[in-house]
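For reference, the structure is listed below as C-alpha cells.
Note that the coordinates shown come from a computational prediction; the quantities given were computed from them, not determined experimentally. The chains referred to below are lettered A, B, ... by the order of the sequence lines, with proteins before strands, and numbering in each begins at 1.
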2 protein chains.
Amino acid sequence: MSEASALGTSRVRDAAPLFAALGDRTRFRLLMRLSSSGPRSITSLCARSQVSRQAITKHLAVLAEAGLVRSGRRGRERMWELEPKRLAEAHAYLDRISAQWDDALGRLSAYIDNPPPRR
Amino acid sequence: MSEASALGTSRVRDAAPLFAALGDRTRFRLLMRLSSSGPRSITSLCARSQVSRQAITKHLAVLAEAGLVRSGRRGRERMWELEPKRLAEAHAYLDRISAQWDDALGRLSAYIDNPPPRR
DNA sequence: CTCATGTGCAACCTCCGGGTTGCATATTGG
DNA sequence: CCAATATGCAACCCGGAGGTTGCACATGAG
C-alpha cells in the first residue's frame, strides 16, 4: 500500500501547516539550496541571501517544525538537511485531491463549459 | 517530456505563492470539498463552514489567483471547480526538490548520522 | 589561552492575511 | 412585478508572520 493511501482524512489537519511552510519565498529558496547542495550550516546558507542570519534561523525553525528539515550539531556548527519523507507526504496530499477530483468528474463530467439543464 | 522537467529554475518564483495558497486550513478544506463533490457554488460551499460567506469568497479568490480553481457564472450563481493542471505543477515542484536531494545524497551520502572527518 | 567564528535568545517593528459586518446589486421563481 | 436568493464590494479589526538589531554564549583554530 502506498503512503498516499495511508493518509487518513483526519490527517488533513496536518496538510495546511506543511504547505504553509513551503509557501514562503525565502523558505522555498532555502529548501532549493538545501536540496541541491546537500547538508549545510546556517552561515553557509546565509552566504548570498538577502536577509539576515536570524531570519534564516527562524525560517529553518519553521521548516523543522513542519518536519521538512532536521538538524544536527557538528562542533560549533549546526548542519541542516532535508527530510524527504515529509516531502513525500505533501506529495500524497496533492495526489489525494487530484484523485478525488478525477473521481468527481467521472461522475459529473464537464460542468462549467457544458452546463446540464436545471431541474 | 514530462511537465515536471518543463519547470525552469526561473519559475521557482511561482512556487511559493502556489504553496501559500494551499497552506491555509480553511482553503485546504475548501479544496478538499471541491475535489470530492465536484463543482459547487459559494453558498453551497459555505453550508457547514464555520466562517462567513465573505471569508469563503476571499479564499476562493486567493485560490483562483494561485490558479488552483476557476469559476464561471451560471445564472445568479457562480460555480467553482478545481484546476488539476496547477496541482500537477505543485507536484512537479516537490518532485524537483526530491530529485535534487537524492542527487546530492548520491554525491555525499549520509552526513549527520555519519559525519566525515573534517579536513 | 585567546580571539575569531558560529549560534542562540529576546525585544521590537511593520505589514498583511484572515475574519467580520453592513450595504449594494443582480437574477429568478411565481 | 416582487420578494427571496446568490453574490459583489468596501471599510474596519486584530494577531501573528517575517524581518531587524543587539548582545550573550559556546567552541575550535593557532
Side-chain angles (χ1 to χ4, degrees), chain A residues 13 15-31 33-34 37 39-66 68-81 111-112 115-119, chain B residues 13 15-31 33-34 37 39-66 68-81 111-112 115-119:
Chain A
R13 294 196 45 156
L18 174 55
F19 288 115
L22 292 167
D24 177 85
R25 201 168 150 67
T26 308
R27 277 198 294 271
F28 196 83
R29 300 186 72 164
L30 267 179
L31 276 189
R33 295 191 69 172
L34 254 190
S37 68
R40 303 185 72 169
S41 71
I42 295 185
T43 24
S44 167
L45 286 169
C46 291
R48 302 173 209 168
S49 177
Q50 304 301 323
V51 297
S52 69
R53 175 178 59 85
Q54 324 305 1
I56 302 289
T57 298
K58 283 189 181 180
H59 283 302
L60 285 172
V62 172
L63 289 172
E65 180 70 18
L68 284 167
V69 300
R70 59 172 181 158
S71 66
R73 269 270 188 55
R74 274 223 324 152
R76 57 182 165 185
E77 292 181 316
R78 173 174 290 274
M79 304 300 289
W80 293 83
E81 63 178 36
Y111 209 79
I112 289 184
R118 306 200 64 178
R119 59 178 172 85
Chain B
R13 296 195 43 156
L18 174 55
F19 288 115
L22 292 166
D24 177 85
R25 199 164 150 66
T26 309
R27 277 198 295 272
F28 196 84
R29 300 186 72 164
L30 267 180
L31 276 189
R33 295 191 69 171
L34 254 190
S37 67
R40 304 184 70 169
S41 72
I42 295 186
T43 24
S44 168
L45 286 169
C46 291
R48 302 172 209 170
S49 177
Q50 304 301 323
V51 296
S52 69
R53 176 179 58 85
Q54 326 317 40
I56 302 289
T57 299
K58 283 190 180 180
H59 282 303
L60 285 172
V62 172
L63 289 172
E65 179 71 17
L68 285 166
V69 300
R70 59 172 181 159
S71 66
R73 268 272 188 52
R74 275 225 323 154
R76 59 182 166 184
E77 292 180 316
R78 173 174 291 275
M79 304 300 287
W80 293 83
E81 62 178 37
Y111 210 78
I112 288 184
R118 305 201 65 178
R119 58 178 171 84

#### Entry: Heavy-atom check, side chain of Leu31(B) versus side chain of Val69(B), under 4.5 Å
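Answer yes - side chains close enough.
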
Give the rounded distance in Å between these two atoms: [atom1] of [X] and [atom2] of [N].
X: Asp24(B); N: dA17(D); atom1: CG; atom2: P; answer: 12 Å
X: Glu65(A); N: dA17(D); atom1: CD; atom2: P; answer: 11 Å
X: Leu63(B); N: dG18(C); atom1: CG; atom2: C1'; answer: 13 Å
X: Ile42(B); N: dG8(D); atom1: CD1; atom2: C1'; answer: 9 Å
X: Arg74(A); N: dT5(C); atom1: CZ; atom2: C1'; answer: 15 Å
X: Leu22(B); N: dG18(C); atom1: CG; atom2: C1'; answer: 17 Å
X: Trp80(A); N: dG6(C); atom1: CH2; atom2: C1'; answer: 14 Å
X: Met79(B); N: dA6(D); atom1: CE; atom2: P; answer: 12 Å

### Message
At less than 3.5 Å, do the side-chain atoms of Arg76(A) and the base atoms of dT7(C) form a donor-acceptor pair?
### Response
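Side chain to base: no pair present.
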
### Query
Within the modelled atom types, does a donor on one side and an acceptor on the other bring the side chain of Gln54(A) and the base of dG22(D) under 3.5 Å apart?
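When only heavy-atom distances are counted, Gln54(A) does reach the base of dG22(D) through a donor-acceptor pair under 3.5 Å.
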
### Query
Between CG of Leu45(B) and CG of Leu60(B), what distance do you get to the nearest 0.5 Å?
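So the CG of Leu45(B) and the CG of Leu60(B) are separated by 6.0 Å.
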
Reckon [X] has a side-chain N or O less than 4.0 Å from the OP1 or OP2 of [N]?
X: His59(B); N: dG19(C); result: yes
X: Ser41(B); N: dT7(D); result: yes
X: Arg27(B); N: dG18(C); result: yes
X: Thr43(A); N: dT7(C); result: yes
X: Ser52(B); N: dT20(C); result: yes
X: Arg78(B); N: dG8(D); result: yes
X: Arg73(A); N: dT27(D); result: no

### Task
Between dG8(C), dT28(C), dG19(D), spot the one nearest the side chain of Thr26(A), thanks.
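Side chain of Thr26(A) sits closest to dG19(D).
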
### Flag, side chain of Arg27(A) to backbone of Ala16(B), donor-acceptor distance under 3.5 Å
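Checked: no pair found.
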
### Message
So for atom CZ, which belongs to Arg29(A), do other residues, nucleotides or ligands contribute more than 12 heavy atoms lying within a distance under 6.0 Å?
### Response
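No, CZ of Arg29(A) has 12 or fewer neighbouring heavy atoms, counting only those of other groups under 6.0 Å.
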
### Residue closer to the 5' end of DNA chain D, Lys58(B) versus Arg53(B) (nearest nucleotide)
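That would be Arg53(B).
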
### Criterion side-chain contact (heavy atoms from CB on, under 4.5 Å) on Thr43(A) and Ile56(A), from CA distance to verdict
CA-CA 9 Å; Thr43(A) 24; Ile56(A) 302 289; over 6 Å; no

